[in-house]
Amino acid sequence: RFFMITLRLVGHQAIFPVSDVLRLFFGPIRTLDSGEIQADSEEEMEIISLLEKDDTSESREKPSLLRTIINGRCISTTEMDTLPLNRQVKRDLYNALSRFTGRQFPWGSLTGIRPTLVAREVDSERELEAVYAVRSDKSKLAIKTARSEDIVMRQIPADSLSIYIGIPFCPTRCSYCSFPAYDMSSGTNILPDYVEALLTEIEMLQPLFSNVDSIYFGGGTPTVLADEHFDHFLTRAVSLLKPNVRTEITLEAGRPDTITLAKLESAKSNGVNRICINPQTLNNQTLQNIGRRHTVEDFEKALSSIKQMRFDSVNADLIAGLPGERSSDFKLSLDVLCESKPDNITVHSLYKKRTARLTREEVMQSVSEAEIDLMLRYAHKKLPGMGYIPYYLYKQKDTLGGHENTGYSLPGKECRYNVAMMSDAYSVLAIGAGGVSKRVYHHKRMERCDCLKNPIEYIRRVREMAERKRHFFDV
């Protein structure tokens with residue numbers, strides 16, 4: 001039987017920060033019309049996050065106090081300091097729930113997507129640990145990654161544009177994924193019409209392409225296209241984008257079973273200089289369990305072909321926490337991958353999307369947070385020992401154990417697009433269904449412009465979407 005947790009805010013309206021903390025401890029949340037936030041739990045709980053003036057203070061300017069009250073008992077009282085209200089509310093609630101439940105999380109009260117932004121504001125790792133209750137290994141990772149990010153950011157012109165071109169189609173859908181992509185195994189094939197719509201949007205947005213630093217063909221799986229169709233799309237797209245010799249062009253060829261020599265030759269001849277191949281694990285049983293049709297041998301063959309084509313950079317992804325895997329499985333995958341020495345290795349923590357085939361409970365039953373922690377500790381020790389440096393890092397709200405995703409790179413092989421996208425310091429034009437464009441102004445103010453998620457609706461209204469983006473970027 002599940003009980004209910006109800007959280008009320010008194011004296012402030014920091015709904016999103018407290019929601020993030022509640023989600024971290026208890027999983028999915030619900031926000032009621034009354035402003036109360038609820039979650040399921042194994043015991044009944046009433047939580048109040050209270051901001052009030054300290055009437056006992058003798059000073060003329062009475063300080064504000066934050067209190068977290070659980071089941072009628074004040075668990076935490078904090079005097080407001082110089083931190084923004086949102087961060088202080090999160091910190092106080094996190095500390096109170098940590099005391100009440102006995103649970104701690106590796107990133108402490110840093111529930112935001114980009115811990116490196118906070119890492120740049122502090123003077124030391126110890127400050128991250130003391131102020132935000134970040135675990136020492138994570139504080140070191142955040143500081144080190146922020147420094148690497150800064151080096152890459154100095155290579156990206158401040159007024160440049162990065163472009164994301166999305167093809168949200170996959171051969172099959174992984175059991176843990178709910179990305180708004182079409183599963184090609186269903187027999188529905190709107191892909192040709194989608195590609196033509198994509199080319200139409202690219203053509204309509206040509207006035208924006210004067211100062212492009214990086215282009216990312218992502219998905220889904222762009223290489224799900226048949227050889228001739230892929231070549232037609234890529235050749236036409238690149239001719240419209242008009243990249244120069246310095247432009248970084250990434251192709252996400254995520255599924256090894258979709259990679260062919262013809263596609264690699266087309267990518268090479270069209271100026272693609274970075275390839276992503278994402279095995280996720282090098283365990284054939286796990287690949288079968290999560291709904292992937294490729295094998296470890298398919299990955300090794302594809303990686304060999306990519307290396308023979310001499311692309312400037314190759315990235316490979318692994319996921320820590322795949323259903324059924326233990327830390328020994330992940331360690332073996334990482335050890336084998338390191339022997340291949342790809343230029344980039346990205347280590348993801350399992351992110352349980354809300355509408356994935358596997359429920360959150362099924363995922364948590366199949367792999368423990370302790371196992372995921374062991375996997376990531378191993379990766380963060382192994383990869384630097386192999387010459388890799390962390391250069392970008394981000395978190396997602398439903399990641400098991402509150403962990404992170406980290407991009408590692410051999411020195412000089414960092415992906416500029418990843419840093420531009422994750423830093424929120426550069427404008428990004430997203431082309432295709434479900435993409436979110438970002439415009440960054442000179443005083444660092446940022447605005448977003450989203451696009452229709454449904455590919456069928458996108459095909460029907462592509463010209464409207466292109467005009468919306470032209471207006472958004474004042475073209």
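Using modelled atom types, no side-chain atom of T116 and backbone atom of A119 make a donor-acceptor pair closer than 3.5 Å. A donor-acceptor pair under 3.5 Å is formed between the side chain of K413 and the backbone N or O of D312. Side chain of D227 to backbone of K263: no donor-acceptor contact under 3.5 angstrom is found. Counting only distance, with no hydrogens or angles, the side chain of R416 and the backbone of D213 share a donor-acceptor pair below 3.5 Å.
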Donor-acceptor contacts under 3.5 Å from residues 333-342 side chains, at least two apart:
unit_1, atom_1, unit_2, atom_2, d
S333, OG, T281, OG1, 3.4
S333, OG, L282, N, 2.9
S333, OG, D329, O, 3.3
D335, OD1, Y378, OH, 2.6
D335, OD1, K382, NZ, 3.3
D335, OD2, Y378, OH, 3.2
K341, NZ, M386, O, 2.5

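Qualifying side chain to side chain contact (heavy atoms under 4.5 Å, CB included) partners for H232, counting only residues two or more places apart in sequence or in other chains: E196, L199, H229. Residues that satisfy the side chain to side chain contact (heavy atoms under 4.5 Å, CB included) test with S349, not counting sequence neighbours, are L376, T399, H403, N405. Residues forming a side chain to side chain contact (heavy atoms under 4.5 Å, CB included) with C276 (at least two apart in sequence, or on another chain): Y216, T250, E252, R274, N278, N315. Applying the side chain to side chain contact (heavy atoms under 4.5 Å, CB included) test to N270 and every residue at least two apart in sequence or in another chain returns D231, L234, T235, V238, S266.
S98 and N95 share no donor-acceptor pair across their side chains, judged by distance under 3.5 Å alone. When only modelled atom types and interatomic distance are considered, T258 and T223 share a side-chain donor-acceptor pair under 3.5 Å.
The 12-atom threshold is not exceeded at CD of Q104, counting heavy atoms of other residues, nucleotides or ligands nearer than 6.0 Å.
The stretch residues 425-438 participates, sequence neighbours left out, in these side chain to side chain donor-acceptor pair (under 3.5 Å) pairs: D424-K438.
No salt bridge links D298 with R292; every basic N to acidic carboxylate O contact stays at or beyond 4.0 Å. One finds no salt bridge joining R114 and E149 here, because no Lys/Arg side-chain nitrogen approaches an Asp/Glu carboxylate oxygen to under 4.0 Å.
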